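Lettering follows sequence order; numbering is per chain, from 1. Note that the structure is a prediction, hence the values are computed from the model and not measured.
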Amino acid sequence: MEPSYNPWEVEPRWQEAWEAEGLYRAGAGKRRDETFVIAVPPPNVTGALHMGHALNGALQDVLIRWHRMRGFDALWQPGYDHAGISTQNVVEKQLLEEGTSRKEIGREAFVERVWRHLEETGRTIMAQYRRLGASLAYDRERFTMDDAYVEAVMRFFVHSWERGWIYRANRIVNWCPYHETAISDLEVVHAPMDDMLTFASYPFVDGSGSVTVATARPATILADVAVAVHPEDDRYRAIVGKDVVVPFVERRAPVVADDLVDPEFGTGALKVTPGHDPVDFEIGRKHELPTLTVIGPDGRMNEDAGPLAGLTQQEADDAVVAWLEEHGQLERREPYRHNVGTCERCHNRIEPLVSLQWWLTMDEPRKPALAALRERRVRYHPESQHQFAVRSLEDIPDWNVSRQLWWGHQLPIWYCPDGHVTSAWPRPEACAECGSAELVRDPDVLDTWFSSALWPFATLGWPEDTKDLRRYYPGDVNSTAREIIRLWENRMIWTGIELVGDVPFHDVIVHSTVLAPDGRRMSKSLGTGIDPLEIIDEHGADATRYGLLKMSSTQDVRFSVGAVAEGRKLATKLWNVARLILMNAEGAAPDARPQAVEERWILARLDAVRAEVEEAWARFDFAVAVKALFGLTFDDFCDWYAEAIKPRLYEDDPDAAATALAALERLLLLLHPVMPHVTEEIWAQLPARRSRLIVAPWPEPDVRFEGDSDALERVRDAAEIARRSGVLVDLDEDERRIFEAVVRKEQLPVNGSREGEIARLRKEVARSEGMLGNDSFVANAPPDVVEGEREKLRRYRRELDALGG
RNA sequence: GGGCGGUUAGCUCAGUUGGGAGAGCACCAGCUCGACAAGCUGGGGGUCACUGGUUCGAGCCCAGUACCGCCCACCA
């Protein structure tokens with residue numbers, strides 16, 4: 001073996017070998033009929049692997065590798081999302097740099113351009129997942145724009161249409177003036193912004209004075225249709241029902257009462273602009289007010305803004321403020337910091353605009369999903385996220401599914417010259433109502449998440465009744481970030497139930513958010529991002545996986561290189577102890593036939609940790625499993641077992657060699673899901689290996705040594721006492737042999753003294769006797785706790801006795 | 001504003017029905033002994049954020065306070 005472990009040479013070699021040998025494919029090494037399926041959350045087709053992907057990849061790979069070793073027919077489905085607005089954004093920026101625009105080159109050329117861009121630079125993440133050692137079924141890569149996938153999306157839309165779930169409505173939506181499309185609430189990011197709050201007085205028509213309102217956007221005064229006050233607000237009770245004159249446009253508008261108004265804010269009187277504010281839209285609807293629009297899709301003032309038409313909002317704000325000042329209706333302006341909605345892709349300010357969009361009602365579709373969650377047929381982990389998922393479904397608003405983009409799935413909606421609307425796929429020959437053949441397709445595309453929602457089954461061939469769909473659906477686990485629950489997870493659940501007749505998976509892991517080391521969010525714009533590939537390059541994939549799994553326990557965790565370094569240490573240690581055993585076991589074959597105390601003990605420990613790790617994997621507690629494996633390797637296997645058998649290995653004891661190989665084999669099996677590369681590399685050098693470790697059978701429970709797990713404890717206690725006091729307590733022959741192998745005489749005692757140790761033990765005895773002498777404790781504490789305390793007291797007394805205390 | 005989570009050693013974090021306060025890193029001391037100096041052995045270091053409560057007993061349970069973070073959100 002090489003004298004030192006080199007992950008940079010070993011890891012890529014195994015990654016290539018596993019894939020070339022077909023061991024990443026679905027069902028590789030299967031020994032039973034049950035399936036285990038995870039569909040990877042499809043990353044953006046233009047994106048690069050970030051820390052969240054790496055963390056999520058590591059923990060999904062652990063589950064996949066573990067089940068593969070257990071003999072399941074395991075499938076980890078890879079692929080990409082076309083990411084409508086995000087991808088369109090990338091290509092539009094390129095066009096801008098080239099001095100042109102999507103509008104200039106036209107839709108067809110633009111879409112072609114996107115495809116070309118993807119061919120050149122897209123689809124890089126799966127290569128990066130390979131570098132992490134992620135055992136995805138790369139031969140099955142899918143893309144949400146694949147022909148077959150488009151079929152599924154079209155079928156889903158027409159199905160929803162036929163169910164009567166699709167409708168078109170003029171509503172106020174979040175409008176991105178840069179992309180010129182509606183986006184959903186979930187795509188809006190709120191950010192603090194410094195504005196001015198303008199106080200303007202609106203005179204009453206009857207000349208009886210005026211009412212003052214506060215606004216952050218004076219330009220929208222042009223679309224005001226009312227002033228609203230809270231019905232309980234005594235200051236304004238008298239003016240409800242009066243009419244005011246809207247400044248600038250000098251339009252007559254009523255004062256209405258509505259409890260949506262917050263009496264605490266500003267003056268307690270609100271100008272009502274249904275065309276440009278969601279709250280006002282709602283007030284307008286309740287009071288049957290007209291909806292006026294003065295801002296266009298490009299964010300500028302439109303033709304209804306009269307003299308201000310064509311101005312930017314900033315310019316229009318200034319013009320209106322100037323008008324107010326001139327007419328003595330400007331009371332004051334003050335600085336005002338508040339949260340405003342921005343587009344999550346381009347960070348431009350969102351414009352609430354009234355617009356005609358397609359919607360999917362959620363009343364019906366959510367019901368079976370809610371039932372599935374309540375009956376725990378789908379379970380979110382941790383439990384707090386389950387509650388959140390349920391609440392999200394309970395409060396779910398209708399889904400705006402149309403986007404005014406060019407990159408995406410165009411709606412299968414057709415208009416005839418007479419205005420009839422039909423939804424069909426493929427393109428119908430003629431209008432169903434009037435027979436006209438001059439059908440025009442709706443230009444809008446579907447929300448990206450409309451297609452993502454089908455991921456667990458469209459990747460398996462739905463709507464065709466394929467062999468894969470029958471075998472691998474429903475899947476088992478889905479793992480994702482917290483903010484994706486409403487965008488993706490819940491939607492997969494109700495579409496799965498509706499379209500395929502069953503939930504797509506039974507467990508949803510909501511993994512931790514990895515923050516930058518300083519506690520801030522990792523983000524490109526903040527410059528706080530850490531590239532997981534750089535971490536892999538520096539420390540190796542195994543170490544990175546270990547570190548990420550260790551960081552997966554809490555809701556938010558700061559990225560710590562220390563955790564990765566710990567993983568690297570573990571890989572090196574494992575490599576070295578394997579070297580010790582292999583160099584001294586020539587000619588031996590792995591055979592667990594333990595005679596000696598330390599052999600029974602390590603095999604019992606290996607089995608205890610196997611059980612512990614299985615339990616942790618099963619409840620998705622990755623950090624606990626990884627910690628147990630670290631302790632097993634360092635403390636139990638290397639520091640005690642390997643040291644104890646060293647003298648026997650040097651003497652070419654065949655039993656020691658055979659058992660050591662068997663124990664090492666078991667250790668490698670347990671570690672493989674976390675550190676696949678270093679374990680496979682060692683496995684390949686074991687004598688009489690039967691298969692690759694990646695498909696080797698996971699160890700069965702080993703009950704032979706039950707009770708032997710404590711066999712070494714006496715030796716460890718003796719070592720402790722010896723180090724503290726220099727006194728060797730009574731040991732039998734085997735125990736003495738181990739003691740002498742592990743504990744070096746010249747180090748005894750390092751410090752402390754017999755007297756000090758006796759004092760320490762006497763203190764412990766006093767504490768223990770105090771507890772046991774307390775009747776309340778004996779009466780109220782659980783019996784096993786009391787018994788445990790008695791056992792401790794007996795041990796302290798024994799040790800005191802041995803020391804002559 | 002709402003929801004969720006956090007506050008334990010210098011740092012990053014464990015602590016599983018309430019009963020000995022821990023790991024890794026960092027630090028200090030001593031070790032080239034036939035796996036490993038990316039190592040080995042030992043050591044120092046904590047008012048478990050704060051206040052009150054329940055209990056024989058609280059890092060853990062309850063109430064409140066402070067600070068931090070994430071997610072969500074229609075205060076113009």
Q.
Quick check: on RNA chain B, is the nucleotide nearest Phe559(A) upstream (toward 5') of the one nearest Phe634(A), or the reverse? Name the residue that is more 5'.
A. Phe559(A)
Q | First of Tyr650(A) and Glu615(A) reached from the 5' end of RNA chain B, by closest nucleotide | A | Glu615(A)
Q: To the nearest 0.5 angstrom, please state how far the SG atom of Cys176(A) sits from the CD atom of Glu351(A).
A: 10.0 Å
Can you tell me how far [atom2] of [N] sits from [atom1] of [X], to the nearest Å?
| X | N | atom1 | atom2 | answer |
| --- | --- | --- | --- | --- |
| Glu566(A) | A26(B) | CD | C1' | 13 Å |
| Arg790(A) | G19(B) | CZ | P | 18 Å |
| Ile645(A) | G34(B) | CD1 | C1' | 14 Å |

Q. Looking at A35(B), does its base get a donor-acceptor pair with the side chain of Glu643(A) below 3.5 Å?
A. yes
(Q) Suppose you measure atom P in U54(B) against the same atom in A9(B); what distance do you get, rounded to whole Å? (A) 29 Å
(Q) Work out how far the C1' atom of G59(B) is from that of U16(B), and round it to whole angstrom. (A) 14 Å
(Q) Output one letter per nucleotide in nucleotides 69-76 of chain B: B when a protein non-hydrogen atom lies under 4.0 Å from the base, S when only the sugar-phosphate is that close, - when neither is. (A) BSSSBBBB
Both distances below 3.5 Å, Watson-Crick or wobble geometry, any strand: find the nucleotide opposite [N].
| N | answer |
| --- | --- |
| G57(B) | none |
| C25(B) | G10(B) |
| U17(B) | none |
| G1(B) | C72(B) |
| U47(B) | none |

Q. Which pair of heavy atoms, one from His287(A) and one from Ala257(A), lies closest together, and at what distance?
A. CE1-O, 3.2 Å
Q.
Categorize Met551(A) for me: base, sugar-phosphate, or nothing, with a 4.0 angstrom heavy-atom threshold over every strand shown.
A. nothing
Q. Any side-chain N or O of Lys646(A) less than 4.0 Å from the OP1 or OP2 oxygen of A35(B)?
A. yes
Which nucleotide wins on minimum distance to the side chain of [X], given the candidates [options]?
| X | options | value |
| --- | --- | --- |
| Lys569(A) | U41(B), G24(B), C36(B) | G24(B) |
| Thr572(A) | G5(B), A38(B), C13(B) | A38(B) |
| Ser384(A) | A35(B), U41(B), C4(B) | C4(B) |

**Q.** Pi-cation contact, Phe630(A) with Lys569(A) (under 6.0 Å, within 45°)
**A.** no
Q) Where do Val255(A) and Val244(A) land on the side-chain contact (heavy atoms from CB on, under 4.5 Å) test, with the steps shown first? A) CA-CA 7 Å; Val255(A) 177; Val244(A) 298; 3.9 Å; yes
**Q.** Whether Trp575(A) and Tyr5(A) hold their rings parallel, tilted or perpendicular, with breakpoints at 30° and 60°
**A.** tilted
